[in-house]
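To keep things clear, I will list the structure first and then write my remarks on it.
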Number of protein chains: 2
Amino acid sequence: MANTMRIMGGRWKPAILCRLMHGTMRYNELKKSIEGISERMLVAQLRELENDGIIARVIYPEVPPRVEYHTTDLGKTMHDLINAMAEWGHMYRTVAEQKVLVQEAIL
Amino acid sequence: MANTMRIMGGRWKPAILCRLMHGTMRYNELKKSIEGISERMLVAQLRELENDGIIARVIYPEVPPRVEYHTTDLGKTMHDLINAMAEWGHMYRTVAEQKVLVQEAIL
DNA sequence: TTAGGTACTAACAAAAAAGTAAGTATGAGA
DNA sequence: TCTCATACTTACTTTTTTGTTAGTACCTAA
């Protein structure tokens, strides 16, 4: 479990993984779709996921350059897990919200 | 998903969660069973999990003091997720190991 | 009266992660 | 020749997280 966290952990990895689980994306597309990320961080997190064998980087020898990212077979095995985590996170938020409402009702 | 990571993320939270999923434990038991953790970190991570509603802290007014930690109902909903993560992590390690072996065979 | 066990707390240092800002290479097209 | 778009690098700063060490409070029992 700590291992799983090491791979998925990082400020922007959830955002990247969610997107690439749905298909291939270019560097710029990722950058534009992930609000607030800096290029340094985008590259860093992509490299880590690549080194961990979760995503693949495909370079097209064109000008201007084109680089596409997509999940590997190993990466695709995370699909259900990611969904389960997203679902739990959603449930958690709902419960937490309820608690706040109940608190407010008491006061 | 990022939310889930925020709650489970932290150097020692996986270790704590795995243990408390199996039942109640005292502070000292946790400390002894988690090799390498400092008291500062143990307390900090326990407090975070408590504030997030994942675990509960029960103080017995005895001397020497006794404090027990256990998962809340909300915490117990993480059980399957934690197992799934542990399982994926294990699978990942196996695959990664295989890859290294193949690499070595090629060289 | 003093040592002992439990569960912390506080102050500080080190390390790791993330953010900021500026620069680079490439060839296409004006 | 000069600008443009893309996909990065690099150097540096700030923030966050983690580690280290040394205390503290409490009652009990010798």
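Residue numbering restarts at 1 for every chain, and letters A, B, ... go by the order of the sequence lines.
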Take the protein atom CZ of B:R66 and the nucleotide atom C1' of C:dC8, then report the distance between them rounded to whole Å. 17 Å
Could you tell me how far apart A:L30 (CG) and D:dC8 (C1') are, to the nearest whole angstrom? 14 Å
Quick note, A:N28 side chain, CB onward, closest among C:dT9, C:dT6, D:dT6 is D:dT6
Taking A:K76 for the side chain and A:T71 for the main chain, is one N or O donor matched with an acceptor at less than 3.5 Å? yes
When the distance from CH2 of A:W12 to P of C:dA16 is rounded to whole Å, what number comes out? 23 Å
Between atom CD1 in A:I59 and atom C1' in C:dA25, what is the gap in whole Å? 14 Å
Given D:dC8, C:dA18, C:dA7, which nucleotide is nearest the side-chain atoms of A:Q45? C:dA18
Whole-Å gap separating C1' (D:dA5) and CD (A:E39): 12 Å
What is the separation between atom CZ on B:R6 and atom P on D:dT17, rounded to the nearest whole Å? 11 Å
Would you mind reporting whether B:L81 and B:T4 have side-chain heavy atoms less than 4.5 Å apart? yes
Nearest heavy atom decides the nucleotide; on that basis, is A:R47 or B:G9 closer to the 5' end of DNA chain D? A:R47
N/O (side chain, A:R11) to phosphate O (OP1/OP2, C:dG19) under 4.0 Å: yes
Taken to the nearest whole Å, CG/B:L42 to C1'/C:dT6 is 13 Å
Whether A:R19 side chain and A:S33 backbone form a donor-acceptor pair below 3.5 Å: yes
With a non-hydrogen cut-off below 4.0 angstrom, is B:Y60 in contact with a base, only sugar-phosphate, or nothing? nothing
Within less than 4.0 Å of OP1 or OP2 of D:dC8, is there a side-chain N or O belonging to A:Y69? yes
Just checking A:E29: base, sugar-phosphate only, or nothing, at a heavy-atom cut-off of under 4.0 Å? nothing
Reckon B:E48 touches a base, only the sugar-phosphate, or nothing at all at heavy-atom distances under 4.0 Å? nothing
Closest-nucleotide mapping onto DNA chain D: is A:V63 or A:L46 further toward the 5' terminus? I mean the 5' end. A:V63
Which of these, A:K13, A:R11, A:R6, A:R57, sits in a salt bridge (charged side-chain N to carboxylate O under 4.0 Å, His left out) with A:E48? A:K13
Check whether any side-chain heavy atom of A:D52 sits under 4.5 Å from a side-chain heavy atom of B:Y92, and report yes or no. yes
Side chain of B:R40, base of D:dT18: donor and acceptor closer than 3.5 Å? yes
Nearest-angstrom distance from the residue atom NZ of B:K31 to P of C:dA7: 8 Å
Taking the minimum atom-to-atom distance to the side chain of A:P64, which one of D:dT6, C:dG5, C:dC8 wins? D:dT6
